Engineer: 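Quick one: the structure is below, questions incoming.
This one's a predicted model, so the numbers in the text were calculated from it and none came from an experiment. Convention: sequence-line order gives letters A, B, ...; per-chain numbering from 1.
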Amino acid sequence: MTKDIFVYVEVQDNKIMDVSLELINKAKELIDSRKDFGFQVVGVLIGNKISNLAAEVIYYGADKVIVCDHADLSLYNTMNYAEIIKGIIKKYNPEIFLYGGTILGRDLAPRVSAKVNTGLTADATSIEFDPNDEFSKELWITRPAFGGNLFATIVCPNHKPQMATVRGNVFEKAIRCENKRGEILEYKYDIITNNAITLVRKIDKIQKKSDITKAKIIVSGGRGMSSNIDLLEETAINLKGEVGASRALIDEGLCPKTIQVGQTGKTVKPIIYLACGISGAVQHTAGMENSEMIIAINTDENAPIFDVADISIVGDASKILHELNTRFK
Amino acid sequence: MNIIVLAKQVPNTTEMKVNKETGTLIRDGIETIINPDDLAGIEAALRIKEKNGAKVTVVTMGPNNAESMLREAYGLGVDETVLVTDKAFAGSDTLATSKILAEAIKNLEYDLIIAGRQAIDGDTAQVGPQIAELLSLPQVSYVEEITDIEEGFITVIKSTETHSFELNVRMPALITTLSELNTARYMNVKDVWESYDKEVKKFNNNDLKLNKEEIGLKGSPTRVKKTFIKAITKKSEKQILNAAKAADVIVEALNPHL
């Protein structure tokens, strides 16, 4: 019998990634929506010297944590990690297995799906049990399709576990609670280590000045700002925020991919999202619609960005930003 | 050395329009291109060919008209192309697609398989890693630089959210490439001219002999339950404002948060 919701807990630099904690909380929410199933939330922690993090996973809502801690797992290697997960799936038969939509998660999850012959849905934006049948364990996983102009709800009816990757910032993590108790299960490293990939060197990335996924205020530009990128930057400095961009500015080579907001870029949830000259294709709005307040400026009064905006200003974004900046002088 | 590049023909847009009445995609009049991440894969293979010598084969799965994309690949200078096509393959999800392509690849020689990270019409990034698993190959996805290739090893750089890693990979292996990896060359007039005489090899399921239960809609673990256009969630009143008035409105909204 399959049961429980497993969440792959990703660790970087001995720290749990936020997205994993967000998924732990989402899994808890799913279980609470189907109390009769008696499911539990199980975190899966794989790596070298990571056992100390197991308690953290429990503090954020997991009922159990399966830990596989071994020296051969210090360098992430898809084959070894996928082999361990296959072993865990065979042993515990999870109903559902969720992964963060990180670079690692999107490398690992498809390999696992082929290994255990099950379906995988990428970049889910919503997950729920079949809303039409309260006894159904079928997971309805929704994701944007075709650049986001269409949403598709995907199911995996006859294969287990049902699997999905989910981006960061889509769900919220729980408040850390040190009183929470849970079970920590050690999983024995029992595979033959594959050595086909070796590390030549690890390069610290030049610390990016901005991380838009954590910004409280984002000044974001689209095609309508292509000749005024510096105006976006000036406004962001004045508002103590960060610059974001729609795909158009990335494709034109005007902004780096690291600040792209949207389905193929980052998902952001700032307090204020100032959308300047962005038409608002769903490709873009999929990455920012959960912002607390969206202020949209566009010359085209039919621009779809206004459908998600809290304040809709029809006007020339460059002129308005210029005026706005004079207020901070 | 033999290099296989997996490529997909995709619509030349990331913003497909939807017929709001039927909820289906409007495909008419949309030009097709080689998927950008795959094009970077072809370019990477051609550079290895120029430097170290290699035979480059482009493999695609799709309908018959995907042949035009393979002619384009010939125009770029690849040596061989393969179209994997059969009505029985239609409706395949990523896993079923990967099984079909992996089976096709078993009929070819390879030391290195290069796949684009993801296709702009699906954005799943799953087919590369799934094929690597089905062929039991080491994989490195999201490759942003190939630093060296020699004597059975390829050295690549990939980045995660926090670090970059230079990795040495024993071949045969599969890597997936980002479009940022390089800038593709233009087609060569002579190669374009000759591309029309070149053979596009075709594999159908009589060649691959895959079990019908493993392919197409039937062989796909995932199903599309429904598709829908997102309902409008908010509706704020549109204000037509001059710059000064607009700045007032924005400052007022921002004030509590500055």
Engineer: If every non-hydrogen atom of A:T285 is compared with every non-hydrogen atom of A:I305, which pair is closest and at what distance?
Structural biologist: CG2-CD1, 4.3 Å

Engineer: So what's closer than 4.5 Å to chain B heavy atoms on A:I297: side chain, backbone, both or neither?
Structural biologist: side chain

Engineer: Given a strict heavy-atom distance threshold of 4.5 Å, which part of A:T142 is in contact with chain B: side chain, backbone, both, or neither?
Structural biologist: side chain

Engineer: Which one wins on heavy-atom pair count under 4.5 Å against chain B: A:N195, A:V155, A:D316?
Structural biologist: A:V155

Engineer: Heavy-atom distance under 4.5 Å to chain A: side chain of B:L95, backbone, both or neither?
Structural biologist: side chain

Engineer: By a 4.5 Å heavy-atom criterion (distance strictly below it), what part of A:K240 contacts chain B: side chain, backbone, both, or neither?
Structural biologist: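 It is neither, since no heavy atom gets under 4.5 Å.
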
Engineer: Which answer fits A:I271, side chain, backbone, both or neither, if we ask what part of it has an atom under 4.5 Å from a heavy atom of chain B?
Structural biologist: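 When you check distances to chain B, only side chain atoms of A:I271 fall under 4.5 Å.
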
Engineer: Given B:N35, which of B:D37, B:D38, B:T32 fulfils the side-chain hydrogen bond (donor to acceptor under 3.5 Å, both in side chains) condition?
Structural biologist: B:D38

Engineer: So, using ring pair (Phe, Tyr, Trp, His ring centres under 6.0 Å) as the criterion, who are the partners of B:F165 when residues are at least two apart?
Structural biologist: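 Ring pair (Phe, Tyr, Trp, His ring centres under 6.0 Å) check on B:F165 returns nothing, list empty.
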
Engineer: Heavy-atom cut-off 4.5 Å, strictly under: side chain, backbone, both or neither for A:L239 against chain B?
Structural biologist: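 Contact with chain B: backbone and side chain both.
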
Engineer: Sub-4.5 Å heavy-atom contacts with chain A: which residues of residues 150-159 of chain B show up?
Structural biologist: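 If one takes a 4.5 Å heavy-atom cut-off, the residues of residues 150-159 of chain B near chain A are B:T155, B:I157, B:K158, B:S159.
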
Engineer: Side chain, backbone, both or neither: which part of A:T118 has an atom under 4.5 Å from a heavy atom of chain B?
Structural biologist: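 Interface part for A:T118: backbone (N, CA, C, O).
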
Engineer: Need one label for B:S98: side chain, backbone, both or neither, based on atoms under 4.5 Å from any heavy atom in chain A.
Structural biologist: neither

Engineer: Check whether A:I154 gets within reach of chain B through its side chain, its backbone, both or neither, counting any heavy atom under 4.5 Å.
Structural biologist: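 Both backbone and side chain.
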
Engineer: For the candidates B:H257, B:R170, B:E166, which exhibits the highest count of non-hydrogen atom pairs separated by less than 4.5 Å from chain A?
Structural biologist: B:E166

Engineer: Is it the side chain or the backbone of A:T264 that comes within 4.5 Å of chain B heavy atoms, both, or neither?
Structural biologist: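 Only the side chain of A:T264 comes within 4.5 Å of chain B.
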
Engineer: Quick one: of B:S164, B:A243, B:A247, B:P129, who has the most non-hydrogen atom pairs under 4.5 Å with chain A?
Structural biologist: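 It is B:S164.
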
Engineer: Against chain B, label A:R327 side chain, backbone, both or neither, depending on which of its atoms sit under 4.5 Å from a heavy atom there.
Structural biologist: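 For A:R327, the side chain is the part near chain B, not the backbone.
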
Engineer: At a heavy-atom separation under 4.5 Å, does A:Q162 approach chain B through its side chain, its backbone, both, or neither?
Structural biologist: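 Contact with chain B: none, neither part.
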
